[in-house]
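Structure record follows, encoded as structure tokens.
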Amino acid sequence: MPSMAQGGVSNSTEVHKLNSKPFSNDSSARRQKIMQQRKSLPIASVEKRLVEEVRKNDILIIVELPQFLFHAGYARDGKVIGVTQPRRVAAVTVAKRVAEECGVELGQRVGYSIRFDDRTSATTRIKYMTDGLLLREALLDPYLSRYSVIIVDEAHERTVHTDVLLGLLKKVQNERSKSVNDQSNCNNKANKNMLLDRENDTHGIGIFKQYQGRNFPPLKLIIMSASLDARGFSEYFGGAKAVHIQGRQFPVDILYTLYPEPDYLDAALITIFQVHLEEGPGDILVFLTGQEEIESAERLVHERLQQIPEASRKLITVPIFSSLPSEQQMRVFAPAEAGFRKVILATNIAETSVTIPGIKYVIDPGFVKARSYDPVKGMESLVVVPVSKAQALQRSGRAGREGPGKCFRLYPESEFDKLEDSTKPEIKRCNLANVILQLKALGVDDIIGFDFMEKPSRASIIKSLEQLFLLGALTDDCKLSDPVGHQMARLPLDPIYSKALIVASQFNCLEEMLITVAMLSVESIFYAPREKLEEARKAMKCFASPDGDHLTLINVFRASDEFLEKRKLEISKEKSEKIMRKWCKENFINSRSLRHARDIHSQIRGYVEPMGLSISSCGEDLLQFRRCLAASFFLNAALKQPEGTYRALASGQVVQVHPSSVLFRAKPECIVFNELVQTNHKYIRNITRIDYLWLTELAPQYYTMQN
DNA sequence: GAGCACTGC
């Protein structure tokens with residue numbers, strides 16, 4: 001019986017946005033200090049034991065990070081030790097820290113690789129990366145032959161990428177140990193249980209067959225998890241051994257309410273003031289569900305502050321949520337003025353992504369806004385749901401990072417007992433089109449039979465297969481189509497956007513579509529703070545196109561291009577970044593989103609060129625571009641209803657135009673849209689007006705069938 | 001009249 005992993009988020013994977021110091025000359029002193037620190041970490045005492053365990057077992061499930069596999073020889077013969085993280089910042093900060101610990105320059109022996117930023121070289125032996133990136137790598141190297149060990153960190157988070165990666169790694173490990181066993185008669189003890197697994201494995205990976213006969217050393221897998229339950233991972237990997245290492249954490253007092261709170265926002269406010277007036281120094285972190293809630297909580301705190309004695313008013317509020325511009329996000333890291341207490345009002349960005357120093361008190365109403373997916377309607381939505389026990393634990397842990405803390409859970413203990421143990425893995429609550437496309441590209445044809453750690457519902461798989469079929473990515477017998485399906489799988493985009501690029505090359509407007517899909521692939525481009533709503537609206541009007549949001553986005557992109565182009569010759573790269581940010585601010589554009597879109601644009605451009613798609617522009621012929629949008633997004637067409645709402649043609653749902661759309665007031669008869677999200681209403685976003693007749697002309701396979 | 005969090009050779 002394996003010992004179960006508990007508690008302790010790995011110390012080495014903390015993300016602290018201000019923590020990323022570059023490699024510097026005073027590194028030797030720092031290194032010594034780090035070495036000393038390391039020796040005091042629990043991990044050091046088990047170093048030997050851990051290496052021994054890795055030697056004896058093919059799969060280990062542990063909860064702390066080992067750096068010493070390198071010294072144990074796992075990176076010999078040019079092999080690489082790969083470490084995956086769900087988030088970019090984590091991959092970068094951990095790589096930097098490890099490079100420093102080892103006293104090497106980043107990018108040499110220790111490096112990282114994330115999208116748009118590769119700091120590895122031929123000499124890199126320990127490579128940190130995002131799990132999504134390793135999945136992409138697998139498309140080119142299905143055996144992951146460069147790697148001797150792969151460490152999947154933060155596996156308990158169960159992102160879609162982690163789950164797909166785990167499934168793939170299990171396959172690769174099987175196939176690699178098979179390739180060794182087939183070649184030599186070595187009766188390797190460590191491979192025995194894998195042989196048993198192989199006999200139960202009826203769904204072979206097609207692509208591996210062509211590699212059969214090649215000799216790969218076995219792949220070692222290490223799964224790192226901070227979850228309460230290592231058993232799931234252990235069972236999935238055929239009874240893999242679990243080693244439990246206690247993380248470092250100060251005690252946190254958990255306090256519950258006596259009775260359920262009918263209004264958690266009000267309860268949160270009361271608790272904020274209770275802590276402020278009665279507890280010792282230390283900042284407060286409050287978990288709320290979204291921007292709107294955070295903004296109203298902020299107003300309410302300020303209102304109530306006026307009702308208490310002036311001497312007690314030394315309280316400041318700081319909001320943080322993902323769509324907040326980064327300069328404003330940074331405010332959470334600045335200490336409050338002496339004598340003041342800081343209240344951070346956060347979404348679950350503060351649960352894992354951002355670690356805020358100085359938190360002593362956590363207030364947790366116990367709710368989170370989570371994505372959910374309805375396979376019947378094919379619609380994703382955001383709904384407020386109770387957190388899981390694991391999430392509640394993660395939140396309370398935020399109070400015990402620098403010293404003992406307190407966590408106020410705004411519900412009775414009996415309610416805690418009723419919570420789910422862990423959050424439902426994302427793969428069970430999202431559209432699977434992309435997952436399926438990638439697996440198919442890796443040669444997994446039987447998606448329903450694929451050995452997922454937790455299988456998505458059959459209905460959900462079938463719905464996404466259907467979508468891919470309608471996009472022309474799959475053939476009648478559900479194989480990846482050639483060339484369309486293969487081209488789509490290679491592009492790191494939503495399948496519908498990948499298809500749009502292929503369609504656009506035939507409409508001679510790939511230039512425009514490249515910009516469009518890049519802009520559609522990022523978070524909202526426009527940023528409108530409540531207090532400057534009018535100004536923001538005015539700024540947006542400069543870019544607005546009467547045809548819709550797609551052309552509006554193109555206008556923004558081209559304006560930014562033009563702005564940069566003019567100044568490119570005279571200034572450095574850093575300076576251009578800086579003036580770009582200024583330009584964005586003046587135009588109420590989220591500079592993070594725009595930079596991201598520009599990165600995606602240049603990356604995707606580099607992909608489609610070698611695919612043989614012709615990059616040309618339709619110039620002034622915007623009608624041509626709108627026809628192309630209709631041909632690409634025909635699955636997302638909608639018709640106006642008499643009362644001003646719309647009916648989505650594919651699903652029959654009644655939807656409304658999102659208020660952020662330039663067509664919010666114009667309400668044309670027929671439109672295509674790119675996003676359908678259920679919040680308070682069913683909203684469609686990113687909309688362009690089209691002619692209804694184009695649908696039957698350009699997508700007859702779908703619309704003659706329908707009508 | 002309104003936007004959980006992540007991520008992609």
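Only this structure's heavy atoms are used, side chains among them; waters, hydrogens and symmetry mates stay out. So you know, we letter chains A, B, ... as the sequences are listed, proteins then strands, and number each from 1. Everything numeric here is computed off the predicted structure, so don't read it as measured data.
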task: May I ask you to test the L288(A)-L265(A) pair for a side-chain heavy-atom distance under 4.5 Å?
output: yes

- request: Counting heavy atoms from C-beta on, name the nucleotide in dA2(B), dG3(B), dG8(B) closest to the side chain of P492(A).
  value: dG8(B)

task: Would you tell me if any nitrogen or oxygen in the side chain of R88(A) comes within less than 4.0 Å of OP1 or OP2 on dG8(B)?
output: yes

message: Distance check needed: dC6(B) P versus L135(A) CG, whole Å only.
response: 19 Å

- request: Check the distance between dG8(B)'s C1' and Q85(A)'s CD and give it to me in whole angstrom.
  value: 16 Å

task: Using a 4.0 Å heavy-atom cut-off across all strands, classify N434(A) as base, sugar-phosphate, or nothing.
output: base

task: Compare the minimum distances between each of dG8(B), dC6(B), dA2(B) and the side chain of E292(A), then state the nucleotide with the smallest one.
output: dA2(B)

- request: Figure out the CZ/C1' separation between R87(A) and dA5(B), and round it to whole Å.
  value: 9 Å

query: What does T159(A) touch in the nucleic acid at a heavy-atom separation under 4.0 angstrom: a base, only the sugar-phosphate, or nothing?
result: nothing

query: Within a strict 4.5 Å, meaning less than it, do heavy atoms of the M224(A) and I151(A) side chains meet?
result: yes

- line: Whole-Å distance, D599(A) CG to dC9(B) P, equals 12 Å

message: Side chain of F321(A) only, heavy atoms from C-beta on: which candidate in dC9(B), dG3(B), dA5(B) is closest?
response: dA5(B)

message: Is there, by distance only and without an angle test, a donor paired with an acceptor across the side chain of R665(A) and the base of dG1(B) below 3.5 Å?
response: yes

- prompt: Nearest nucleotide by nearest heavy atom, which residue falls closer to the 5' end of DNA chain B, A370(A) or F116(A)?
  reply: A370(A)

query: With a 4.0 Å cut-off on heavy atoms, is L493(A) in touch with a base, just the backbone sugar-phosphate, or nothing at all?
result: base

- prompt: Quick one: E426(A) CD to dC6(B) P, roughly how many Å, whole number?
  reply: 12 Å

message: Of the listed nucleotides (dG1(B), dC6(B), dG8(B)), which one gets closest to any side-chain atom of Y683(A)?
response: dG1(B)

query: What class does the angle between the rings of H550(A) and F633(A) fall in, given that below 30° is parallel, 30 to 60° is tilted and above 60° is perpendicular?
result: parallel

- prompt: Are K538(A) and E535(A) within salt-bridge range, i.e. N to O under 4.0 Å?
  reply: no

query: Counting side-chain heavy atoms from CB outward, which of dC6(B), dA2(B), dG8(B) is closest to S322(A)?
result: dC6(B)

message: Using OP1 and OP2 only, check whether a side-chain N or O of T347(A) sits under 4.0 Å from dA5(B).
response: yes

- line: Separation of dC9(B) atom P from Y147(A) atom OH, nearest Å, is 12 Å

- request: Among dG8(B), dA2(B), dC9(B), find the nucleotide with the atom closest to the side chain of P659(A).
  value: dA2(B)

Q438(A) side chain, from C-beta outward: closest of dG8(B), dA5(B), dA2(B): dG8(B)

- request: Ignoring backbone atoms, establish whether Q603(A) has a side-chain N or O less than 4.0 Å from OP1 or OP2 of dC9(B).
  value: yes

- prompt: Which nucleotide in the list dC9(B), dC6(B), dA2(B) gets nearest to the side chain of I349(A)?
  reply: dC6(B)

- prompt: Out of dC6(B), dG8(B), dA2(B), which has the shortest distance to the side chain of H681(A)?
  reply: dA2(B)

query: Looking at side-chain heavy atoms only, is the closest gap between Y607(A) and L501(A) below 4.5 Å?
result: no

- prompt: Checking all strands, does R429(A) fall into the base, sugar-phosphate, or nothing category for heavy-atom contacts under 4.0 angstrom?
  reply: nothing

query: Which nucleotide in the set dC4(B), dG8(B), dG1(B) lies at the smallest distance from any side-chain heavy atom of I114(A)?
result: dG8(B)

- request: Before accepting this row, confirm whether a basic side-chain N of the pair R158(A)/E454(A) lies closer than 4.0 Å to the acidic partner's carboxylate O.
  value: yes

query: For the pair made of CD in E137(A) and P in dT7(B), what is the distance, rounded to whole Å?
result: 18 Å

field: For atom CD of Q394(A) and atom P of dC4(B), their distance in whole Å
entry: 20 Å

- request: Could you pick out which residue, R490(A) or Q291(A), lies toward the 5' side of DNA chain B when each is mapped onto its nearest nucleotide?
  value: Q291(A)

message: Does the Lys NZ or Arg CZ of K585(A) fall within the cation-pi geometry relative to F588(A) - under 6.0 Å from the ring centre and within 45° of the axis?
response: no

